[in-house]
Amino acid sequence: ALSSVLILNGPNLNLLGSREPDVYGTASLQNHIESASAAAAAHGLTVKSLQSNSEAELVEAIHSATGTVDAIIINAGALTHYSWSLHDALRSFKGNKIEVHLSNPSAREDFRHVSVVSGVVDGSISGFGGLSYVLAIHALVALHAS
């Protein structure tokens with residue numbers, strides 16, 4: 001049964017709201033976490049969240065998630081495109097995993113077109129701004145309902 005979700009956010013996502021608002025919008029990361037938490041609460045789910053600019057801290061959080069949360073939503077930021085350590089850590093987590101991006105990486109610079117994370121998650125949601133986090137909550141609920 002799905003009861004808890006960990007939302008992980010990678011490098012520079014602490015700057016949301018002020019960093020490139022034309023790309024990422026004006027909402028803060030806290031605004032996005034609150035929206036996702038409200039969507040989760042409507043389904044009786046609890047949300048934990050962590051933002052880190054440290055790849056190692058994100059890997060440790062994934063390791064620690066085993067046995068403590070049922071699912072992970074991850075916006076790995078730029079680590080999406082080259083972090084094989086995140087790939088391996090996510091692969092070791094047995095629960096559901098959803099990759100999230102505020103922007104649509106496929107519509108951006110070439111280096112953003114490859115995700116080394118997408119092959120080890122259940123699905124990817126991108127391009128919907130902060131709604132991407134809420135959609136990820138709904139996706140997890142749907143996965144557990146089927």
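Since the model is a prediction, treat every value here as computed from it, not as a measurement. Hydrogens, waters and symmetry mates are skipped; everything else that's a heavy atom, side chains included, is used.
Distance alone, capped at 3.5 Å, is enough to place a donor-acceptor pair between the Asp122 side chain and the Lys97 backbone. For His87 (side chain) and Val116 (main-chain N/O), a donor-acceptor pair under 3.5 Å exists by modelled atom type. The backbone N or O of Asp70 sits less than 3.5 Å from a side-chain atom of Ser4, completing a donor-acceptor pair. Judged by distance alone, the side chain of Asn53 and the main-chain N or O of Asn12 form a donor-acceptor pair under 3.5 Å. In this structure, Thr68 contributes its side chain and Ala65 its backbone to a donor-acceptor pair below 3.5 Å.
Side-chain contact check for Leu8 versus Asn75: every heavy-atom pair is 4.5 Å or farther apart. Taking the side chain as every heavy atom from C-beta outward, Val114 and His81 never approach each other to under 4.5 Å. Annotation: side chain of Ser92 is not in contact with side chain of Thr66 (no heavy-atom distance under 4.5 Å).
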**Request:** Output, in order, the C-alpha distance, side-chain angles, deciding distance and verdict of side-chain hydrogen bond (donor to acceptor under 3.5 Å, both in side chains) for Asp88 and Ser85.
**Result:** CA-CA 5 Å; Asp88 290 348; Ser85 61; over 6 Å; no
**Item:** side chain to side chain contact (heavy atoms under 4.5 Å, CB included) between Thr46 and Val5, intermediate numbers included
**Value:** CA-CA 6 Å; Thr46 59; Val5 179; over 6 Å; no
**Trace of the side chain to side chain contact (heavy atoms under 4.5 Å, CB included) decision for Ile98 with Ile72** = CA-CA 6 Å; Ile98 307 282; Ile72 294 174; over 6 Å; no
**Request:** Take Val100 and Leu135 through the side chain to side chain contact (heavy atoms under 4.5 Å, CB included) test and state the conclusion after the steps.
**Result:** CA-CA 9 Å; Val100 161; Leu135 292 171; over 6 Å; no
**Request:** Starting from the C-alpha separation in whole Å, work towards a yes-or-no answer on side chain to side chain contact (heavy atoms under 4.5 Å, CB included) for Asn9 and Leu50.
**Result:** CA-CA 6 Å; Asn9 286 280; Leu50 170 73; over 6 Å; no
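One distance of note links OG of Ser49 with CG of Leu29; it measures 7.0 Å at 0.5 Å rounding. One distance of note links CD1 of Ile33 with NZ of Lys48; it measures 14.0 Å at 0.5 Å rounding. Rounding to the nearest 0.5 Å places CG of Leu45 at 6.5 Å from CD1 of Ile137. Here Leu86 contributes atom CG and Ile62 contributes atom CD1; the two are 5.0 Å apart, rounded to the nearest 0.5 Å. Distance check: Leu13 CG to Ser28 OG gives 11.5 Å after rounding to the nearest 0.5 Å. Note: His144 NE2 to Ser3 OG = 9.0 Å, rounded to the nearest 0.5 Å.
In summary, the side chains of Glu99 and His101 do present a donor paired with an acceptor at a separation below 3.5 Å, with no hydrogens or angles considered. The closest side-chain donor-acceptor pair between Tyr133 and Asn31, if any, does not fall under 3.5 angstrom. A donor and an acceptor atom, one from each side chain of Ser124 and Ser126, are nowhere located under 3.5 Å apart.
Ala61 and Leu6 get closest at one heavy-atom pair: O-CD2, 4.0 Å. Of all heavy-atom pairs spanning Asn96 and Phe93, the tightest one is O-CE2, 3.8 Å. Nearest approach of Leu58 to Gly10, heavy atoms of both residues: CD1-CA, 3.7 Å. In terms of heavy-atom proximity, Ala89 sits nearest to Val59 at CB-CG1, 4.0 Å. Between Leu102 and Gly130, the shortest heavy-atom distance links the atoms CD2-N, 3.6 Å. Between Ala136 and Ile73, the shortest heavy-atom distance links the atoms CB-CD1, 3.7 Å.
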